[in-house]
Visitor: 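Dropping a structure here in structure tokens format, bear with me for questions.
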Amino acid sequence: MNRFNVRKVAVLGAGVMGAQIAAHLVNVKVPVVLFDLPAKEGAKNGIVTRAIDGLKKLKPAPLGVVEDAALIQAANYEEHLALLGECDLVIEAIAERMDWKLDLYKKIAPHVPAHAIVASNTSGLSITKLSEALPEEIKPRFCGIHFFNPPRYMALVELIPTPTTQAPILDQLETFVTTTLGKSVVRAKDTPNFVANRVGIAGMLATMIEAEKFGLSYDVVDDLTGKKMGRASSGTFRTADVVGLDTMAHVIKTLQDNLQSDPFYASYKTPAVLAKLTLQGALGQKSGAGFYKKVGKDILRLDPATAQYVPSGGKAEPIVERMLKKAPAERLKLLRESTNPQAQFVWAILRDSFHYCAVHLADIADSARDIDFAMRWGFGTKQGPFELWQQAGWTQVAQWIQEDIDAGKTLCKAPLPAWVLDGPVAMSQGVHTSEGSWSASQSRYLPKSTLSVYARQAFPESVGAAAEPLKSGTEEFKNEEVRVWSTDGKVLIASITAKLHLISPTVADGLQKALEIAEAKYQGLVIWSPDDVFSAGANLEALMPVFMKSGAKGINPEMKKFQDFILRLRYAQVPTIAAVRGLALGGGLELAIACSRRVVHIESYMGLVEVGVGLVPGAGGLAYIARRAAELATASGGSADLFSFLKEPFTSAATARVGTSAIENRKLGWLIDGDVIVAHKDELLHIASAQVEAMAASGYRAPAKALFPVAGRNAVATIKGQLANLRDGGFASAHDFHIATLIAEVVCGGDVDAGSLVNEEYLMTLERDRFCSLLEHPKTQERIMGMLQTGKPVRN
Amino acid sequence: MAQYTPPLRDMQFVLHELLDAVPTLKTIPAYADLDAETVNAVLEEGGKFASEVLQPLNLSGDQEGCTLDKGTHEVTTPKGFKEAYAQYVEGGWPALSCDPAYGGQGLPQLVNQCLYEMMNSANQAWAMYPGLSHGAYECLHVHGTPEQKQLYLPKLSSGQWTGTMCLTEPHCGTDLGMLRSKAEPQPDGSCKITGGKIFISSGEHDLAENIIHLVLARLPDAPHGSKGISLFIVPKFVPKADGKLGARNAITCGAIEHKMGIHGNSTCQMNMDGALGWLVGEPNKGLPAMFVMMNGARIGVANQGLGLTEAAYQNAVAYAKDRLQMRSLSGPKAPDKAADPIIVHPDVRKMLLTARAYAEGARALALHTVLLLDQELATDDDELRKQCADEVALLTPVLKAFFTDNAWLATSHCMQVFGGHGYIAEWGMEQFVRDARINMIYEGTNTIQSLDLLGRKVLADNGKKLKAFGQRIIDFVEEEGVHDEMQEFVNPLADIGDKVTKLTTELGMKAFQNPDEVGGAAVDYLRVVGHLCFAYFFARSAKIALAKKDSGDPFYTAKLATARFYFAKLLPETAGLIRSARAGVAPLMAMEEALF
């Protein structure tokens, strides 16, 4: 396959989706030009620039750092169509009007390069119908590209070919969307609402119908259909409020307009309450009221019987909550057999979704895998409907569904398709097998995609049985909290398995062992775990018994041991890579910093947050700030003020600031030049391993141990003065002031003259002493206990 | 006259249906041959001994008390005690749970626990003579030299000799670090011990030919405080190498105490004037060695509380069914009689059910704990041993304080059922109350138990032991909480579990700031934890009873009703206790000493 270079992307339409897609392209370093109509008044780019400004305030943040909004090139269709000539990909994301879209395509056609892909981010229109009206030259390079809102955070992108789309175009796009954008692709058929929204919205409608049938209020339904069922925490009605009830109504209308012959057609009826709310202008979150309404601090829910908003807070009953924790087979059996209305409701919506997916599998998706992935990635569910059905026992559940169909309990009387109860699926007891996933349209198990981009995913997400990373490869060492292993005999992997990957003495021992093994017989070491936490910090609980027994005195040697390991890691004989995804906080960040390089998933959270538990970073985090400031000062010509390089990282540590993207973490100084940002979580290990091999091949040597200058006591005094103002102004508590002062003392090198030369060991002694002195402080103890017991920081 | 029927059915329920004790123990080689039939048969015989031999001596023993001959320093026990003890020895009962290597029968402690519950119900004062002997046996079994074991253990397990523990001195009870008795080493390896001990239960008596005292004393140059205390064997008659009795040792009873209850047991002042003693274990490690005995003794005292609760309950029920007085508020229930039996009245039932629930809850929790103890002592699996030991350590203070506090309440309620007659000695009800009172005091007062629980067992390891026990409850809730008919039990159980977790957290945080907070909350805290345990076992019992509710066996109907009563009427007490515990220590410390 020829390389598909994406030098620049054009996004047409600066609405909610278009602007956010542009923002995400900037996040992943893809140059982007964002188009919209010329403004009728003022600057011609007004519509686009306002949209770009809007990105800075939007939550959750579409941009890694708000400053990057400036990287989005603003354009309008009147003046700038020529810019399309630089673009290899055009994503159209304007309003859902066939006529507008077609007008636009005609307008841009002359300017789009002959090789460029044109893709529409429609969610409701038929891609094929759009394509039919397209200029001939665009047709072969045209397809649907359906992002989910918010595009930075939702993994799913549906790619929808038309009959005239050239196959290589989709492969190129899938590769780009996967590696570069970090999204997960499902190839969808061109049926109304495609896969995720088709199944998801039908599911929400079914939920609303069953909720009414069982007389459950919105808050109870949301509690049941949220985390407790392994779905997105906003449940059903709250999700509708967030999406916008007008948008919901629109998507529902697509179903109504296009699916008259669907056996489930009756269930696509717009729920009366939804229609009424939309009519009243109660469109959900954006208009302040929908199924819920926020009044002051209280969230009220609509009582449809009285049309009044009443206090919410209804929850799942404990019995149902417990049923939902059981393994699938027992769970479904208990729910189905229970006399509890909530349990019956949950069974009903699961049954409805199984019924729906079974009936529609042949029309809407190539295989059951696509439906399951679409629901995972597009609706944030832990597993898709077919996965759950299969785990619960295929034939048994199928029989239950059939019984309910016969008893008239289901949404429609459509029988289960023959493939459910006969043939290979019944034989294998499921739609997912080692051969692949069931394709109802092709009557065979369809293997996974062989596109080369997936070779970059060592442990891709899987709907069937798949290799478990923590049971794979050759195990070199294992203790209770660390597994050390390798898949290729070249790169050694250390996976922390403790809860939240908290660093305890056991973890430190395991990592030390990993390093020894790597130095003895591997090219290098990657610290990587299959889940979305690198490490949430030190395991304070593990230190409690020592502390209870011998106080801070007992902790000091433990700290020293860990600091020694941190230095050992920094000066290791082989390259070491921290493969970071999700949280790298406190001790976790210090661990990452000590590695020779960091390979970081874009959605990573980094910060020295020890102040939250009343402590100072004690494993080299502050020593790093001091050293890094000295390095930057030297690099900037030597004469620059050391203090100016200390100020921001000091503030980050003193205020427990957490960078919420890899891009921001680079800005905060937690990532440095040479560190690698990765868009797709499942490529992290591949890229980290490649780094080890490249570094080893380049003759890796550890950094030279050198003395470096510190800012000294005058800088401490300056910082202290500023801190005192904050404290006296009521912005920081006395204890925060105390901790911040101690942090300042370490990053400035303590009570020494400005420019004094120190080494890391010296600074780590300062860290350790202050860490231990704080441990004996009652306010710190209160913070630690509070954190251990409630998981929330105590403000004191 | 009081009466007593051994609660064999409920014991069998707890052992075999609730705890699955025999199969659990059978996995350990030492108990591979254990079978339920043997256990049941032993308990049936033990029950006969308790109800037919010991129970008839309870009231008379209380009224007669012990007498001391000041000239000979000999103590005479009440009439019949000696003969009863001879029967006890002849029946081989002292050896029940002793090591076969020393003539024991090698049954688990679990069986002994049941036997002692019945003996305590029948006659607590008498049961304390063999009870302390068994404690001395256990202590020597763990810490004695091979020679000491060979010399003393066979006689203790046969019951030919009895034992005591001599800790308390006039100026030191709870704070043993202050004790003064001195031990002077002799060239032959023995020591001469001089000092005075008080409150020595079974310190002198006429039941057995020899009494083996385990005495705490200080060696010369021993460190101050509790780290300078050593443990010694001081026999009444120094045995010869062949086990025959030798010379009378200089340890004598100077006085016996006049006390509120347990009159049939001799509570002695012991004087040692150069008495010959032999070190047990290492010098200055006497206190930890003694704790082997103390922990067992605490479970033993808890068992006394259980025994009295059961006995008082049985008598109150008989009276309440028999005594005709007044009519039921909702109309006559026995119209053919002059009045209704008082059991028709709600509050009489409440008193009866309270005692019944305390007894059944205690029996389940005690046997659960002793089953863990048996596993701890006999297993080869280090991890299991540690788990069991941790849980036993956690639960021991709960058993001791919660059961004995409950017994005081229950015996008082049961006395109340008798109205004025309860206050009259011949009915035996006031004796239960008096006997029950000491159980809250000795072997570490109940306040000491609560400090041990909250300070040492819970907070010192950051709640690890408590969490492990809590995990049992969580697992049960998750497992059984999906059934409609279990909701009434599982939901309040889950709720009290959450509340204990939160309360522990809060107290832990407060204790960090001010260690006095532990003292301000510990007693309330222990009672809340006690209820958590009871709620767990009643919920488990209810599960079994529900499964058997169609069996036609009224035992399960009653079990279910008792469990429902417990959840509805007793568990809610925790709300007030939690509120009081959370109120902190400040209100206790606010008033200046002079104002008291």
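In what follows, chains are A, B, ... by sequence order, proteins preceding strands, each numbered from 1. Just so it is clear, the structure is predicted and the values come from calculations on it, not from any experiment.
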Visitor: Search all heavy atoms of B/G481 against all heavy atoms of A/R322 and return the closest pair with its distance.
Guide: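 Nearest pair, atom of B/G481 first, then A/R322: O-NH1, 3.0 Å.
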Visitor: Does B/K465 have more than 12 heavy atoms from other residues, nucleotides or ligands lying within 6.0 Å of its NZ?
Guide: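 More than 12 heavy atoms, drawn from other residues, nucleotides or ligands, come within 6.0 Å of this atom.
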Visitor: Looking only at heavy atoms and a cut-off of under 4.5 Å, which of A/E541, A/E337, A/E317, A/E330 has the most pairs with chain B?
Guide: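 With the most close heavy-atom pairs to chain B, the winner is A/E541.
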Visitor: Pick from B/M486, B/H483, B/E506, B/E478: which one has the most heavy-atom pairs with chain A under 4.5 Å?
Guide: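 Looking at each option in turn, the highest pair count goes to B/E478.
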Visitor: Might you confirm whether atom CD of A/E403 has over 12 heavy atoms from other residues, nucleotides or ligands at distances under 6.0 Å?
Guide: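 Atom CD in A/E403 is packed in, count exceeds 12.
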Visitor: If I measure from the heavy atoms of chain A, does B/Q487 come under 4.5 Å with its side chain, its backbone, both, or neither?
Guide: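 Contact with chain A: side chain only.
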Visitor: Salt bridge check: are B/E479 and A/K325 linked by an N-O gap of less than 4.0 Å?
Guide: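 Between A/K325 and B/E479 there is no salt bridge, as every charged N stays at least 4.0 Å from the carboxylate O atoms.
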Visitor: Answer yes or no: are there more than 12 heavy-atom neighbours, outside B/K467 itself, under 6.0 Å from its atom NZ?
Guide: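 Result for NZ/B/K467: enclosed.
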Visitor: Would you indicate whether A/K228, at its atom NZ, is surrounded by more than 12 heavy atoms from other residues, nucleotides or ligands within a distance under 6.0 Å?
Guide: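 Correct, the count exceeds 12.
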Visitor: Which residue is it: A/L335, A/L324, A/V320, A/L334? I am looking for the one with a side chain to side chain contact (heavy atoms under 4.5 Å, CB included) to B/V482.
Guide: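 Single pass found, and it is A/L334.
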Visitor: Counting only heavy atoms not in B/R456, do more than 12 sit closer than 6.0 Å to its CZ atom?
Guide: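 No, CZ of B/R456 has 12 or fewer neighbouring heavy atoms, counting only those of other groups under 6.0 Å.
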Visitor: Going from CG on A/N340 to CG on B/D484, what distance comes out if it is rounded to the nearest 0.5 angstrom?
Guide: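 CG of B/D484 is found 6.5 Å from CG of A/N340.
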Visitor: Quick check: are there more than 12 heavy atoms from other residues, nucleotides or ligands sitting under 6.0 Å from CD of B/Q471?
Guide: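 Atom CD in B/Q471 is crowded, with more than 12 foreign heavy atoms closer than 6.0 Å.
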